[in-house]
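Note on naming: letters A, B, ... go to the chains in the order of the sequence lines (proteins, then strands), and numbering restarts at 1 for each one.
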There are 2 protein chains.
Amino acid sequence: MAANILIVDDEQAIADLVEVYLKNENYNVFKFYNGKDALNCIENEKLDLAILDVMLPDVDGFSICQRIREKHNFPVIMLTAKEEEIDKITGLTLGADDYITKPFRPLELIARVKAQLRRFTKYNPSEPNQEEHLIAFSGLVLDMDTHECTLNEKKLSLTPTEFSILWVLCSNRGRVVSSEELFHEVWGDKYFTNSNNTVMVHIRHLREKMHDSTEHPKYIKTVWGVGYKIEK
Amino acid sequence: MAANILIVDDEQAIADLVEVYLKNENYNVFKFYNGKDALNCIENEKLDLAILDVMLPDVDGFSICQRIREKHNFPVIMLTAKEEEIDKITGLTLGADDYITKPFRPLELIARVKAQLRRFTKYNPSEPNQEEHLIAFSGLVLDMDTHECTLNEKKLSLTPTEFSILWVLCSNRGRVVSSEELFHEVWGDKYFTNSNNTVMVHIRHLREKMHDSTEHPKYIKTVWGVGYKIEK
DNA sequence: TCGCGATATTCAGAAAATCTTAAGATTTTA
DNA sequence: TAAAATCTTAAGATTTTCTGAATATCGCGA
């Protein structure tokens, strides 16, 4: 059973974005733009994890966190804008299991989410631990824990960006992912580019490291006019 | 069976924080923000240890400690704010098995808790104690009791911070721990910084003491763009 | 086959992350 | 209270990674 995750952020764009990332990883998402609705949700749903913006207009993240601690108990990840003054947020992040500063990269978020879920289920062994941090198929293994990638038992040393791209491609295995989509999934909405051959360059490096030829790519195939895909 | 621990502090943030740390270590936590509820809990639950704030608004920690001594008998750790005047708290900490001044570091708290539990179960050998205070693997031994570290039978004299970092890395062996996460785990939520290379400097010292080269580190490996890890 | 737009390749400079060092601040110990 | 040990900070060096431009190649349709 997929985990239920609560996301609360008054910046709708951020909340929506996080929702996309989480759904991409097959989580059930409960999304709210204010603290009040979130508190309501906490009472009525069986949640597994919460991602809270520290600064909310009505009920701040800290208070929500406390409520979670009181009755229920599941991991809490706090979101803080980097510019936010330290004295304003210090204390507010107390009690959180982890915190992430905005802007963040999607995969970073996902990695933290998985780490928390795993840590939690580790101490609640009744819940089955679904190896969410591993992608493995036909000789290719991606481990988000160690950031390691193995191809036919041989370790590939990938850069963070390369790893992210490969992860996104693999988790969308069997489906074509466009350059733009790839860019969004890997870099987030942090950056803007329209002439986007950066992705291409990284794909090139990936293929090189995987000894994948461009002509007959075994792994990363290019679909003309659409994007890239990895066969199922 | 995990130990039952009572935590009482009127500063909710502190109590919540302690709860997080304890639950991390798989303890059952009974948390209260006032003395009254705590006294109630003492009567109704089979507790193994109590962590009490000295200064509570209703029933002070000293009184709670006395009550524990009267009927039940399990270790008591007192929490005292550093600024609190000595003459106010002296006497109040009497009867406690240990006391910790706020702010404290997560690992320090855990270490003290484990020490008390172990000391207690030593004299009550009926209770099995599987609390882990030792980490040992491939020539490296860490003992949280003595804060001692041995590498291939040779003792390394680590500073408290160094020890904590190594402990966190070792207890997350096989997984990358980011700089932020390390900071979070070692220094606690209290100290919030997002740009500091303190962790890095300590890592450097650690590697030096372990005779671990930066180029081919046998122990603490850096995963670019992600963090540090120790191989499983 | 040719032309054109999409995709590849290459590489050098920019940017980012990490490492190193050392000085000054703080804490602990004697 | 002084000395020693430890921690933090900052600046600059180094390494790794990313990006954008220039150029080459490919695939599709006319």
task = State whether the distance check finds a donor on one side and an acceptor on the other, under 3.5 Å, for side chain N197(B) versus base dT21(C).
result = no
Whole-Å distance separating the [atom1] atom of [X] from the [atom2] atom of [N]:
{"X": "L158(A)", "N": "dT16(D)", "atom1": "CG", "atom2": "P", "value": "16 Å"}
{"X": "E208(B)", "N": "dC19(C)", "atom1": "CD", "atom2": "C1'", "value": "12 Å"}
{"X": "M200(B)", "N": "dA11(D)", "atom1": "CE", "atom2": "C1'", "value": "14 Å"}
{"X": "K209(B)", "N": "dC7(D)", "atom1": "NZ", "atom2": "C1'", "value": "12 Å"}
{"X": "R204(B)", "N": "dA22(C)", "atom1": "CZ", "atom2": "C1'", "value": "11 Å"}
{"X": "I220(A)", "N": "dT7(C)", "atom1": "CD1", "atom2": "P", "value": "15 Å"}
{"X": "H202(A)", "N": "dC11(C)", "atom1": "NE2", "atom2": "P", "value": "17 Å"}
{"X": "E162(A)", "N": "dT19(D)", "atom1": "CD", "atom2": "P", "value": "11 Å"}

Whichever of V226(B) and H205(B) has its nearest DNA chain C nucleotide further upstream toward 5' = V226(B)
request  = Please collect all salt bridge (Lys or Arg N to Asp or Glu O under 4.0 Å) contacts where either partner lies in residues 158-170 of chain B, sequence neighbours excluded, each pair once.
outcome  = E162(B)-K209(B)
remark   = Within residues 167-176 of chain A, the residues having a heavy atom closer than 4.0 Å to DNA chain D are none
query = Can you find a heavy atom in the side chain of R207(B) that is under 4.5 Å from one in the side chain of S213(B)?
reply = no
task = Would you mind reporting whether I220(A) and Y228(A) have side-chain heavy atoms less than 4.5 Å apart?
result = yes
key: D16(A) and Y21(A) side chains, donor-acceptor separation under 3.5 Å   = no
ask   = Are side-chain N/O atoms of K221(B) and Y219(B) paired as donor and acceptor at under 3.5 Å?
value = no
Proximity to the side chain of [X] - top-ranked nucleotide from [options]:
{"X": "V201(B)", "options": "dC19(C), dT20(C), dT17(D)", "value": "dT20(C)"}
{"X": "W224(B)", "options": "dT15(D), dT9(C), dT21(C)", "value": "dT15(D)"}
{"X": "T159(A)", "options": "dT17(D), dT20(C), dT10(C)", "value": "dT17(D)"}
{"X": "T198(A)", "options": "dG20(D), dA8(C), dA17(C)", "value": "dG20(D)"}
{"X": "W187(B)", "options": "dT19(D), dT8(D), dT15(D)", "value": "dT8(D)"}

Establish, with yes or no, whether the OP1 or OP2 oxygen of [N] is under 4.0 angstrom from a side-chain nitrogen or oxygen of [X].
{"X": "T161(B)", "N": "dT6(D)", "value": "no"}
{"X": "Y228(B)", "N": "dA17(C)", "value": "no"}
{"X": "R207(A)", "N": "dA8(C)", "value": "yes"}

key: Gap separating the CG atom of L156(B) from the CG atom of L166(B), nearest 0.5 angstrom   = 8.5 Å
inquiry  = Between the side chains of E231(A) and R175(A), is the shortest nitrogen-to-carboxylate-oxygen separation below 4.0 Å, so that they form an ion pair?
reply    = no
request  = Measure up the H205(A) and H202(A) rings against each other and bin them: parallel (under 30°), tilted (30 to 60°), perpendicular (over 60°).
outcome  = perpendicular
message = Within the 4.0 Å heavy-atom criterion, would you say F163(A) contacts the bases, only the backbone, or no part of the nucleic acid?
response = nothing
